[in-house]
Amino acid sequence: LSSPGPFEGPEKLLEVWFAPSPEELPLSQGHDAGNGAGSSSSATAATTVNGSGRSYRGPTPGGQGELKGLRRVPREVWEEMLDIVKCKVLSVVEGEEIDAYLLSE
Amino acid sequence: SSLFVAPHLLILKTCGTTLNLLGLHRIIEIAREYCGLTNIWRCFYSRKSFFFPDRQQGPHKDWRDEVKFLDGIFGTAGSAYTVGPMNRDHWLLSFNLSLLHVPSSPTISSKTRLRYHDTTLEILMSHLSPAGRAPFFLPEESSGSGVGGGSVASSSSVGGHELGRRISSELGIDGIFPGAKLDSFGFDPCGYSANAVVGTGGPSTSPEVPGGGYFTIHVTPEEGWSYASFECNVPLPNKSTDDRPDLSSLIQNVVSIFQPNRLSITLFVSTPSSASVPNGDASTVLTAASEAENQAWRSFGADLLGADFVRKDRIGYEFDGYDLVFACFEKRG
């Protein structure tokens, strides 16, 4: 993971927004699925998990700890994607609405 | 580097010689396989000009290659921009507003679209002062060997997370947003990264700024190519509260921590796309967006950072679905 010579500080920033899946959309007009980024519908307590060991919490409909959308993806799957990018996960913070992965490099 | 994952949003911010864009194909696959998300609503890719472009690999060797890569995924409907002075600190942006796989594309409801309202602040700082760089070096007695902008410490007596915590506390980074859940790391022999998630707010949070968000910081402190970045999407009040600073106060605080000699500031404010929002909701979102943009334009005034800095540029862009305010400053002398 060491980087010999000058290190490039300026980052590449990729931001991808997905539309809700058909299953998340309202069955009737006027009823909203409530899964948008910025929604406060998933009020899970913030927890920190350092190093390895964040377990996959699958969807439990109606449950308090239900994770939605991309947050349901297991850490190992993101790690596989990050291998392509050449980054490793150092730690993870889970917030009410967003998960934050701190990476090497 | 950092990865942020929200139900319908993924942000990947990577430095060094990482292959950021090469992860995009897999991201799209993962979203489809695990979440049934088959439609990309919008995609942004941006970066500042590299210090060492010759060291980059893959599509990152050249801005044209990066745009070509994105065009290969989204088609040629995207737009690419160069913002700021080309001979100094220009900033590059490519964005695509589209729905991939349109045949199965559902209609996004108006309420969901309102929740996608987004304001993102980015402060990119370079030429940090010696005092601004010093806290980001591992203490000599703890440092392992090595050069470069930071590896994961294995020989240091202080763990990376503990070092990060100390730096965050010493510099007041842990107080930028009181109550934020902060995760930081100090690298060996130098460098620092931090992620923070900010809650939706307790009773004392002003009702005018509901919603949480994140902020992230990355620092490469070595002389000659020192650099620090701060990015944040936490909704900010018009006037600072005990919980949250206003826009000007936040920028001033960040600049005082990292002490750059040069910096650029960008603020993105989402607006209703001309093709996507019914009139009834557009007025609500437009009002919020234009207020944020006007506030940013005013906040990026020549006196934002006091008499020590001179503002070199202030530029406003209106895109379809987003407005951007860009400004860059240099320290006098």
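Basis for what follows: all heavy atoms, side chains included, without hydrogens, waters or symmetry-related copies. Within every chain, numbering begins at 1; the chains are lettered A, B, ... in the order of the sequence lines, protein sequences first and strands thereafter.
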**Study point:** Which residues share a side chain to side chain contact (heavy atoms under 4.5 Å, CB included) with B/S1, sequence neighbours left out
**Key:** A/C87, A/L103, A/E105, B/T14, B/C15
Point to revise | Side chains of B/F52 and A/F7 in contact at under 4.5 Å (non-hydrogen atoms) | key: no
Revision key, fill the gap. If one checks every heavy atom of B/S226 against chain A at 4.5 Å, the contacting part turns out to be neither
Point to revise | Atom pair CZ (A/R71) and SG (B/C35), whose distance is rounded to the nearest 0.5 Å | key: 12.0 Å
Review point. Between atom OG of A/S21 and atom CG of B/L37, what is the distance when rounded to the nearest 0.5 Å?
Key: 5.5 Å
Point to revise | B/L12 versus A/L82, closest heavy-atom pair with distance | key: CD1-CD2, 3.8 Å
Check your understanding: With a 4.5 Å heavy-atom cut-off, do A/D99 and B/F4 have their side chains touching?
Key -> no
Practice item. Kindly compute the distance separating CG (B/L19) from NZ (A/K86), expressed to the nearest 0.5 Å. Key: 6.5 Å
Review point. A/P74 versus B/Y34: any side-chain heavy-atom pair under 4.5 Å?
Key: yes
Point to revise | Donor-acceptor pair, side chain of B/K181 and main chain of A/V93, under 3.5 angstrom | key: no
Check your understanding: Are any of the side-chain heavy atoms of B/Y227 and A/P10 separated by less than 4.5 Å?
Key -> yes
Check your understanding: Would a distance-only check, ignoring hydrogens and angles, find a side-chain to backbone donor-acceptor pair under 3.5 Å from A/E8 to B/Q56?
Key -> no
Point to revise | Side chains of A/V73 and B/V5 in contact at under 4.5 Å (non-hydrogen atoms) | key: no
Exercise for review: Report yes if the side chains of A/F18 and B/R42 come closer than 4.5 Å at any heavy-atom pair, otherwise no.
Suggested key: no
Review point. If you count heavy-atom pairs under 4.5 Å between each of B/L92, B/N233, B/I30, B/L22 and chain A, which one has the most?
Key: B/I30
Exercise for review: Would you name the heavy atoms of B/G213 and A/I98 that are closest together and state the gap between them?
Suggested key: O-CG2, 4.3 Å
Exercise for review: Give, for atom CD1 of B/I11 and atom OH of A/Y101, the distance between the pair rounded to the nearest 0.5 Å.
Suggested key: 13.5 Å
Check your understanding: Rounded to the nearest 0.5 Å, how far apart are OG1 of B/T220 and CD of A/E11?
Key -> 7.5 Å
**Study point:** Toward chain A, the part of B/A196 with a non-hydrogen atom under 4.5 Å
**Key:** neither
Study note, to complete from the structure: When every non-hydrogen atom of A/I84 is compared with those of B/G23, the smallest separation belongs to CG2-N, 4.4 Å
**Study point:** side chain to side chain contact (heavy atoms under 4.5 Å, CB included) assessment of A/L70 paired with B/L9
**Key:** CA-CA 7 Å; A/L70 296 169; B/L9 168 66; 5.8 Å; no
Review point. Looking at OG of B/S193 and CG of A/L90, how far apart are the two atoms once the value is rounded to the nearest 0.5 Å?
Key: 8.0 Å
Review point. Closest approach of A/E97 and B/P7, non-hydrogen atoms and distance?
Key: O-CD, 3.5 Å
Check your understanding: Between B/D183 and A/L102, which heavy-atom pair has the shortest distance, and what is it?
Key -> O-CD2, 3.7 Å
**Study point:** Pick from B/E231, B/E29, B/H25, B/E66 with the largest number of heavy-atom pairs that fall under 4.5 Å of chain A
**Key:** B/E231
Exercise for review: Name all residues meeting the side chain to side chain contact (heavy atoms under 4.5 Å, CB included) criterion together with B/T266; count only those two or more places apart in sequence or in a different chain, and write none if there are none.
Suggested key: B/W91, B/E122, B/L324, B/F326
Exercise for review: Using atom types as modelled and distance alone, determine if a side-chain donor or acceptor of B/N39 lies under 3.5 Å from a backbone N or O of A/A19.
Suggested key: no
Practice item. Identify the heavy atoms of B/V197 and A/A100 that sit nearest to each other, and give their distance. Key: CG1-CB, 4.0 Å
Exercise for review: Any chance you could lay out the side chain to side chain contact (heavy atoms under 4.5 Å, CB included) test for A/V85 and B/L3, step after step, and finish with the verdict?
Suggested key: CA-CA 11 Å; A/V85 176; B/L3 169 70; over 6 Å; no
**Study point:** Sidechain-backbone polar pair: A/K68 side chain, B/A6 backbone, donor-acceptor under 3.5 Å
**Key:** no
**Study point:** Beyond-backbone contact of A/E15 with B/D118, side-chain heavy atoms, under 4.5 angstrom
**Key:** yes
Practice item. State whether A/E80 and B/R26 are salt-bridged, where the test is any N-O pair (Lys NZ or Arg NE/NH1/NH2 against Asp/Glu carboxylate O) under 4.0 Å. Key: yes
**Study point:** Stepwise side chain to side chain contact (heavy atoms under 4.5 Å, CB included) test for A/K12 and B/K13
**Key:** CA-CA 6 Å; A/K12 310 155 183 107; B/K13 188 169 192 173; over 6 Å; no
Exercise for review: Under 4.5 Å heavy-atom distance to chain A, tell me which part of B/S184 shows up: side chain, backbone, both or neither.
Suggested key: backbone
**Study point:** Side-chain heavy atoms of B/H8 within contact of A/W17, under 4.5 Å
**Key:** no
